[in-house]
Protein chains: 2
Amino acid sequence: MSKIGIKDIASQSGVSSATVSRTLRSPELVSEDTRKRVLEAIKATGYKPNRFGASLRTQKSGNVVVVMPDITNQVNAGIIRAIESEAHKAGYCVLLGDTQNQEEREQHYADMVTSGQADGILIFTPNLPFSLKTDKPISEQLPPLVNSCEEIANDDIYKVVIDNKAGARTAVQHLLDLGHTCIAAVMGPKDTPSTLDRLAGYKQALTEANIEINRNLIIRGDYRTESGIEAMEKLLRLRHRPTAVFCFSDDMAIGAMNTLREYDYRIPQDISVIGFDDISYSKLMYPKLTTIRQPLEDIGRNCMRVLLEQLRGNKPAQKITELPFELVVRQSTGPVPR
Amino acid sequence: MSKIGIKDIASQSGVSSATVSRTLRSPELVSEDTRKRVLEAIKATGYKPNRFGASLRTQKSGNVVVVMPDITNQVNAGIIRAIESEAHKAGYCVLLGDTQNQEEREQHYADMVTSGQADGILIFTPNLPFSLKTDKPISEQLPPLVNSCEEIANDDIYKVVIDNKAGARTAVQHLLDLGHTCIAAVMGPKDTPSTLDRLAGYKQALTEANIEINRNLIIRGDYRTESGIEAMEKLLRLRHRPTAVFCFSDDMAIGAMNTLREYDYRIPQDISVIGFDDISYSKLMYPKLTTIRQPLEDIGRNCMRVLLEQLRGNKPAQKITELPFELVVRQSTGPVPR
DNA sequence: ACTTTCTATGAAAACGTTTACATTATACAT
DNA sequence: ATGTATAATGTAAACGTTTTCATAGAAAGT
């Protein structure tokens with residue numbers, strides 16, 4: 001569009017380009033009246049400094065890239081929204097990296113930060129897409145980086161997390177308190193730390209209650225609705241059906257409830273369902289879903305803050321910032337039948 | 001991170017930086033063996049060309065910016081996902097602009113394209129954040145731009161749309177076919193074209209059926225769940241309650257259904273509800289929501305394609321690309337009571 | 001009155017690419 | 001053998017900023 005550059009402003013207001021740059025970046029260095037003159041010319045022409053010229057010189061892009069497996073997912077969407085908001089406040093732009101679970105794309109977005117197109121990266125997938133050399137400390141080889149949601153198995157990177165194990169334990173304890181003893185679990189994908197932690201919490205709650213763990217009641221899912229549907233179908237075929245199901249995500253819980261309705265089970269009279277996340281649709285389900293709330297906005301905000309801290313050249317105080325979860329009891333869980 | 005530049009690769013493989021650049025950008029111009037040598041050096045060092053150097057020279061950023069009111073919204077999320085995918089294929093990156101309905105932010109993201117930080121812009125809000133001069137044709141003053149979802153009231157810009165009026169008409173016709181005559185409408189926000197079109201479709205269907213339009217049955221909403229809840233509360237207070245409600249978004253329909261359940265109405269036995277959008281959660285509701293499907297993925301893909309066409313310097317064939325909607329009948333609509 | 005410090009500005013280098021132009025070597029046609 | 005087209009590469013300018021360094025004038029300290 002506009003072809004006007006800093007030099008045009010400079011000549012138009014009778015100063016050098018250096019002064020124009022200064023009026024924009026460090027106004028305190030330029031006298032009041034020249035400043036006014038320059039600002040006027042800028043306003044009159046609608047001049048916007050070209051970012052590439054600036055970036056090339058300063059070696060800062062002003063961008064951060066966020067790598068997510070699926071932005072359509074309510075958890076991810078909620079988080080990225082907060083990230084964007086926080087980034088915007090700090091003058092950063094966010095580059096959206098929806099990986100669709102393809103490694104090639106993860107790599108591609110990671111390259112953006114090594115090629116200088118972004119100054120930092122937020123990773124919500126369980127992989128670290130940077131090749132590391134073993135002869136140097138990891139922290140020296142990585143760009144400003146924060147990891148959340150799907151934990152990367154590496155203790156040397158900054159993370160913002162919730163206590164998944166305790167969250168799961170709380171969920172199961174809630175069911176236990178209602179008298180359930182036959183409690184199924186629908187896990188997340190693969191062997192990601194978050195899923196493993198939740199599984200550990202599930203097991204801990206049961207063993208603490210002296211209930212033996214029944215492998216048939218533990219089903220593998222992938223956090224998505226469809227897998228919740230399938231998991232519940234499997235569970236219903238069991239000779240000893242569970243009276244309660246703990247799904248590791250709300251989406252799966254919603255799927256599970258759909259299956260239950262399909263086969264005429266009443267929730268929670270026949271079977272209780274509890275989820276994990278508290279996405280916005282959970283409270284709109286019928287029955288309203290009991291779940292463990294993740295503070296999505298807080299997670300996003302803190303991710304960005306920890307990243308900003310690094311971008312400013314500081315070392316954040318701690319590697320891990322842990323945020324609180326919360327049991328929110330609604331109507332999908334009730335006392336054990338009989 | 002890495003401080004290696006094109007010159008390092010050049011000296012390392014005994015050629016000039018020009019040749020290195022050529023091996024990357026136009027490999028056909030460099031002989032096979034030098035090409036191999038250069039590629040080797042690049043691989044060995046992990047060199048990534050600095051985007052700013054390149055962009056500064058070529059005057060192309062390789063970015064597009066998408067401006068949306070709320071990325072948390074399933075419609076927006078679905079669309080942006082397809083955009084990202086298509087952009088990625090074409091070698092573009094997408095800058096996320098969640099405006100949170102603030103004009104300042106809209107402006108900010110528009111500036112990215114005028115300042116060269118992005119080559120094109122996709123706008124999903126009803127405003128055109130560019131100042132135009134009246135003495136020139138509009139198309140000459142705008143950057144590559146595509147508008148969708150919330151139509152901008154300007155016929156000179158590229159849009160991808162569905163036929164909102166026909167969609168609404170279809171929805172209402174569906175209710176009419178079920179015998180309903182007292183049909184409420186819950187509108188979208190403000191006086192955006194999309195909402196106005198849907199309202200027109202609603203009115204047309206009714207007048208065609210010789211049903212008088214009752215202003216009390218038309219409630220203003222804002223597409224969000226909360227407003228669906230409130231709208232339904234208003235409707236239930238009416239002396240002559242509607243037997244069917246057409247919500248201009250699924251989110252509002254979902255809210256409306258919640259209100260209905262709260263006051264013990266049966267859906268659809270007492271009151272039918274139909275939505276608009278077909279977000280993924282609609283089929284998971286109880287009862288499953290009847291709605292008008294928007295082809296979100298198609299919309300996103302086409303938006304990006306029309307933009308790409310412009311970015312390649314071509315004029316897209318038509319200003320408006322219209323995509324088909326589809327009535328999907330599920331369980332939230334049924335015959336009129338009695 | 002004379003140095004010293006400070007303030008406001010300008011000149012010019014630097015950032016890392018791409019590419020127009022120039023150059024050389026090679027193949028081809030006559 | 002001569003000239004011409006072609007292929008492969010190098011040289012250097014250009015992109016639009018920011019910032020170091022230098023400079024000039026003003027203010028301040030003696």
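Letters go in sequence order (proteins before strands), and every chain restarts at 1.
Nucleotides of DNA chain C nearest to B:Val20 and A:Ser16 differ in position, and the one nearer the 5' end is that of A:Ser16. Each of B:Gly14 and A:Leu24 has a nearest nucleotide on DNA chain D; the 5'-most of these lies closest to B:Gly14.
Close to D:dT18, at under 4.0 Å from its OP1 or OP2, lies no side-chain N or O of A:Thr58. Of the side-chain N and O atoms in B:Gln59, none sit less than 4.0 angstrom from OP1 or OP2 of D:dA14. Between B:Thr34 and D:dT9, a side-chain N or O to OP1/OP2 separation shorter than 4.0 Å is present. Considering only side-chain N and O atoms, B:Ser31 lies under 4.0 angstrom from the phosphate OP1 or OP2 of D:dT9.
Remark: A:Arg22 pairs with no residue by the salt bridge (Lys or Arg N to Asp or Glu O under 4.0 Å) rule, at least two apart or across chains. Scanning for salt bridge (Lys or Arg N to Asp or Glu O under 4.0 Å) contacts around A:Asp119 gives an empty result, with sequence neighbours left out.
Residue A:Ile42 holds its CD1 atom at 12.0 Å from CZ of A:Arg37, rounded to the nearest 0.5 Å.
The NZ-P distance, from A:Lys60 to D:dT19, rounds to 11 Å in whole Å. Straight-line distance from the CG atom of A:Asp8 to the P atom of D:dG16: 9 Å, rounded to whole Å. In this entry the distance linking CG of A:Leu29 with C1' of C:dC6 reads 12 Å, nearest Å. Summarising the geometry, the separation between CD1 on A:Ile42 and P on D:dT17 is reported as 10 Å, rounded to the nearest angstrom. The separation between A:Leu56 atom CG and D:dA13 atom C1' is 15 Å, rounded to whole Å. The nearest whole Å value for the distance from the NZ atom in A:Lys7 to the P atom in C:dA12 is 12 Å. Atom-to-atom, CZ of B:Arg35 to P of D:dA7 comes out at 14 Å; the value is rounded to the nearest Å. For the pair B:Phe52 CZ and D:dT17 P, the interatomic distance rounds to 14 Å; values are reported in whole Å.
Look at A:Lys89 and A:Glu86 and you find a salt bridge, because one of the NZ, NE, NH1 or NH2 atoms lies within 4.0 Å of a carboxylate O, short of that distance.
For A:Ser21, taking side-chain heavy atoms from C-beta onward, the closest of the listed nucleotides D:dT18, C:dT17, D:dC15 is D:dT18. Side chain of B:Ile6, nearest nucleotide from C:dG10, D:dT11, C:dT17: C:dT17. Nearest nucleotide to the side chain of A:Thr19, out of D:dG10, C:dT18, C:dG10: C:dG10.
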Determine whether A:Thr125 and A:Glu106 satisfy the following criterion, side-chain contact (heavy atoms from CB on, under 4.5 Å), listing intermediate values before the conclusion.
CA-CA 9 Å; A:Thr125 60; A:Glu106 243 167 66; 3.6 Å; yes
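A donor-acceptor contact under 3.5 Å links the side chain of A:Arg57 to the base of D:dT18. For A:Arg22 against C:dG10, a side-chain N or O and a base N or O form a donor-acceptor pair under 3.5 Å.
B:Ala18 comes within contact range of at least one nucleobase, with a heavy-atom separation under 4.0 Å.
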